[in-house]
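A short write-up of the structure that comes next.
Here is how names work: the chains are called A, B, and so on, in the same order as the sequence lines, proteins then strands, and each is numbered from 1.
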Amino acid sequence: MLAAQSFVGPAIDWYRLSNILVILGGALVLLLVGSLTPKWPRGMYALGAAVTTGASAVLTALLWRDLGEGQSIALVGNALTLDHFGLLSTFVMTVSVLLVSLVVNDHLEREGEDGPEVYGLMLSALIGGIIMVLANDLLVLFLGLETLSLAFYLLVASSRKRSTSGEAGLKYFILGGFASAFFLYGIALIFGVAGSTNLPKVADGLARLNVGTSDSMVLAGVALLLVGFAFKVSLVPFHVWTPDVYQGAPTPITALMASVGKVAAFSALARVFLTGLSSRADDWAPAIYALAVVTLVVGSVVAVVQTDVKRMLAYSSISHAGFILVGLEAATHTSSSDAALGLSSISSYLFIYSLLVIGTFAVVAVVVGDGEATLDSFNGLGKSNPVLAFAMTVLLLAQAGVPVTSGFIAKFGVISSAASVESYPLAIVAMVAAVVAAYVYLRVIIQMWLEGRESKHKPAPFPSSLIVIALTTTATITIGLIPGLLLDFTAQL
Amino acid sequence: VYAATKFFLYTMAGSAFMLVGIVATAFIARRDIGVLTFDLVQIAEKSNFGVTTGRWLFVAFIIAFAVKVPLFPLHTWLPDAHTQAPTGGSVILAGVLLKMGTYGMLRFGIYLFPEASVWARPVMYTLAVIGIIYGAIAATMQKDLKRLVAYSSVAHLGFIVLGTFALTNQAITGGVMQNINHGVSTGALFLMVGMIYERRHTRAIAELKGIQAVAPIFAGFFTVVMLSSIGLPGLNGFVGEFLVLIGSFQTARWWVVVATVGVILAALYLLWAYQRVFHGEPDEANSSFKELTGREGLLLGVFVAIIVFTGVYPKPMLERIEPSVKSLIEHVESRTDYRQPEAAHGGEE
């Protein structure tokens with residue numbers, strides 16, 4: 001007799017999952033009701049997505065408040081773990097989707113493609129992302145990763161009018177499939193050695209191994225996991241898909257990938273490597289170091305020679321990923337009392353960068369839509385639309401890390417965590433890369449303010465994107481002036 | 001645009017090193033202080049950097065300041081920035097921004113890292129003296145009046161750096177004086193070059209001629225300011241430059257010998273430029289050169305008053321500078337083997 005009756009499901013704490021369930025509900029309503037009813041009036045789909053994510057963000061904040069400092073709660077039979085680090089990432093992603101759905105609203109209107117699908121897919125991607133950052137088990141993490149990735153493949157290809165969008169989607173799908181295979185193989189090898197996919201048990205299993213036992217299998221498993229993650233967060237040399245996909249995808253979707261995609265994959269990367277694989281840190285920390293250096297240098301240097309603003313921002317996002325790795329590298333020095341600084345610097349960086357990149361791409365979406373985002377399309381924006389140009393200037397300066405903007409706080413956090421564990425060479429490489437990247441942002445700024453010829457692009461009306469641009473710009477300056485608003489939260493990690 | 005971009009990137013590159021330096025300093029100093037603090041005085045008084053660590057941190061700070069000063073070989077942004085900046089921008093650049101560099105060297109470089117400063121002296125002297133001579137020679141060769149003044153800045157700032165790192169009462173006092181003087185004289189020179197440009201729409205020395213004949217008052221003001229920049233006794237430039245040279249002679253004899261040549265060169269390029277621009281018969285384009293207006297005269301009058309007053313009676317300023325210089329040198333002496341030469345103690349005029 002098969003032991004069907006003896007199966008006891010894990011106790012489920014519904015309240016602590018409520019933020020995910022709300023999104024699931026929202027996604028289902030949008031997709032089901034949206035496809036069965038006649039076309040909703042303008043903006044209603046976006047409103048639905050915004051209300052859903054807004055409610056979920058509030059619930060996430062409540063969960064954060066209920067959680068004691070340093071406390072972590074295992075959920076659903078130890079498949080998920082609820083802690084401040086995961087909740088902060090969840091919050092960032094939820095807010096990101098909220099902002100992006102406002103940008104998508106204008107964008108779809110302009111392209112004449114309004115419909116519920118994009119919003120439904122964005123909410124599904126968000127669920128995948130949340131599962132990833134809360135996952136306490138490698139297989140659960142993989143499920144989250146696939147949910148996120150599948151939604152992203154479709155979103156990238158969602159512009160039916162342009163062949164470049166489909167091409168980018170296909171490219172992302174094939175390369176992403178490879179990466180997932182690597183990732184899964186890595187999980188299998190780790191499972192083979194440690195006897196479990198549950199992260200705390202993996203940590204125990206690996207720690208109990210005698211040195212020299214099954215070394216090749218552990219190392220191969222760790223390496224494959226790292227490759228899978230490196231692809232998702234686009235670290236050099238696993239970054240080649242990034243510029244093509246960022247350029248081909250509909251502009252708001254690019255913002256989504258750069259914010260939600262990066263936050264989810266980086267948070268999961270930090271959790272897996274710093275908890276599950278921490279006993280092998282001596283083996284993989286040098287790889288993180290090397291990846292950080294290569295990513296920083298290649299990302300910022302190659303960004304300089306780009307002429308398309310979306311490709312430029314793609315390379316700059318690679319360089320930002322390098323910065324986050326600097327923070328991660330600092331967090332690997334577990335013997336130092338300052339290792340916690342590394343983790344909080346990653347969280348602040350992801351928080352700040354998500355807002356910046358959404359704001360920046362929102363401006364790009366307003367200015368050029370899905371068209372060619374050449375540097376020339378920003379000509380004379382300072383004259384034709386000074387408000388937009390000012391917002392873009394603030395956002396770009398923040399990405400460059402100029403003081404008084406949030407970007408400086410982010411970079412300062414990462415650099416000081418690197419300095420606290422004496423990774424000076426890495427800190428210097430990072431700052432030099434920041435200077436090189438600054439030139440990239442300056443080029444766009446110069447084009448906007450000092451280039452007399454008017455661009456042929458005329459910014460479309462952008463009521464809901466303007467809210468996003470205003471909010472992100474305000475947040476950029478506010479966090480730059482009063483960093484405590486954010487750092488008080490990340491210090492609790 | 002080119003100049004602004006260049007300036008931004010140079011400064012940012014310098015600052016990048018300094019940011020790493022600042023953070024590293026705070027974290028390393030924590031070992032001695034016990035808590036993480038960015039408080040300058042606490043770090044300077046309580047911390048005890050290892051020799052190598054201190055030198056590395058010093059280098060990280062000094063690169064940032066050397067870009068701002070600008071110290072040879074990081075000076076190339078300055079002439080471009082000055083040439084393309086509007087007059088007001090140039091005056092601010094000369095009067096404020098360049099001073100951040102030399103002030104930073106005193107306040108952070110020497111104060112935080114006395115041992116490294118003593119160690120780095122030969123390099124700093126050499127770069128400063130190269131800056132003095134190179135700036136002067138380059139100024140002589142310029143065809144554009146504003147670039148000439150810009151290069152003269154490089155030379156003047158070289159004197160300040162030389163004095164700062166000579167680490168004697170007189171030299172540092174002179175350096176601080178020269179900081180102020182340079183802001184006044186060079187600022188005034190930039191203003192007047194701006195006035196010339198407003199009237200003639202050119203700054204090419206070759207196209208200007210005989211202005212003295214049509215605008216004698218303007219020429220008079222220019223003469224005074226120029227002489228102050230050269231360092232004529234009785235005007236402010238002399239006080240600073242003289243103190244720097246006297247003070248540095250004790251600790252950096254041969255560098256001073258070379259630097260003194262720079263004073264002669266300063267006379268060469270400025271007087272020669274004056275001769276070409278103001279002397280001779282004004283040709284057609286220059287004969288309509290308008291004399292100073294009342295507003296411009298008032299503005300320059302203030303500058304000239306400061307120049308003459310400081311030159312004749314520098315005591316009020318020196319009195320305010322010297323106490324802090326003394327305590328800085330005492331701080332250095334308490335932290336290192338360095339001792340100020342006996343002769344330098346009598347810093348009073």
Side-chain angles (χ1 to χ4, degrees), chain A residues 296 300 304 323 326-327 330 333 336-338 340-342 345 382 393 396-397 400-403 407-452 491, chain B residues 1-39 43 47 49-50 52-64 66-68 74 77 80-81 84-86 89 100 112 116:
Chain A
L296 283 165
S300 30
V304 170
F323 260 97
V326 174
H333 294 258
S336 159
S337 56
D338 292 318
L341 269 184
S345 76
T393 308
L396 288 176
L397 286 178
V402 172
F408 175 73
I409 306 299
K411 289 211 157 72
F412 183 78
V414 170
I415 296 296
S416 47
S417 67
S420 71
V421 296
E422 304 188 352
S423 300
Y424 302 122
L426 196 54
I428 288 176
V429 170
M431 285 317 291
V432 172
V435 175
V436 176
Y439 176 68
V440 176
Y441 308 119
L442 271 187
R443 276 175 76 190
V444 181
I445 295 173
I446 288 169
Q447 210 76 25
M448 288 192 302
W449 294 103
L450 301 173
E451 193 62 56
Chain B
V1 176
Y2 168 76
T5 313
K6 195 171 175 182
F7 177 41
F8 184 91
L9 290 177
Y10 259 89
T11 324
M12 187 144 173
S15 315
F17 285 103
M18 193 165 72
L19 180 64
V20 178
I22 291 173
V23 175
T25 305
F27 274 102
I28 295 172
R30 181 177 58 172
R31 289 180 207 147
D32 300 317
I33 304 174
V35 290
L36 183 63
T37 174
F38 289 91
D39 184 333
I43 293 177
S47 70
F49 301 109
T52 329
T53 321
R55 288 176 184 177
W56 276 108
L57 294 174
F58 173 79
V59 170
F61 275 83
I62 285 298
I63 289 177
V67 170
K68 274 268 190 279
L74 301 171
W77 61 269
D80 288 325
Q84 296 197 11
M100 302 314 296
L112 283 178

- Query: Highest number of heavy-atom pairs under 4.5 Å with chain B: which of A:A427, A:S416, A:A400, A:A418?
  - Reply: A:S416
- Item | B:M12 side, atom CE; A:M431 side, atom CE - distance, nearest 0.5 Å | 6.0 Å
- Message: Using 0.5 Å steps for rounding, measure from the CZ atom of B:F27 to the OH atom of A:Y424.
- Response: 9.0 Å
- Message: For A:W449, I'd like to know if atom CH2 has over 12 heavy atoms of other residues, nucleotides or ligands within 6.0 Å.
- Response: yes
- Would one find more than 12 heavy atoms of other residues, nucleotides or ligands at under 6.0 Å from atom OH of A:Y439? no
- Query: Given that the side chain runs from C-beta out, which part of A:V402 has a heavy atom under 4.5 Å from chain B: side chain, backbone, both or neither?
  - Reply: side chain
- Toward chain B, the part of A:L442 with a non-hydrogen atom under 4.5 Å: side chain
- Message: Under 4.5 Å from any heavy atom of chain A, what part of B:I22 do you find: side chain, backbone, both or neither?
- Response: neither
- Task: With sequence neighbours excluded, tell me which residues meet ring pair (Phe, Tyr, Trp, His ring centres under 6.0 Å) with B:F17.
- Result: none
- Smallest separation among heavy atoms of B:L9 and A:V435, with atom names: CD2-O, 3.7 Å
- Taken in chain and number order and not counting sequence neighbours, the residues that satisfy side-chain contact (heavy atoms from CB on, under 4.5 Å) with B:K68 are B:T11, B:M100
- Message: Can you tell me how far apart CG (B:L19) and NZ (A:K411) are? Round to the nearest 0.5 Å.
- Response: 10.5 Å
- Which atoms of A:L341 come close to chain B, meaning under 4.5 Å heavy atom to heavy atom: side chain ones, backbone ones, both, or neither? side chain
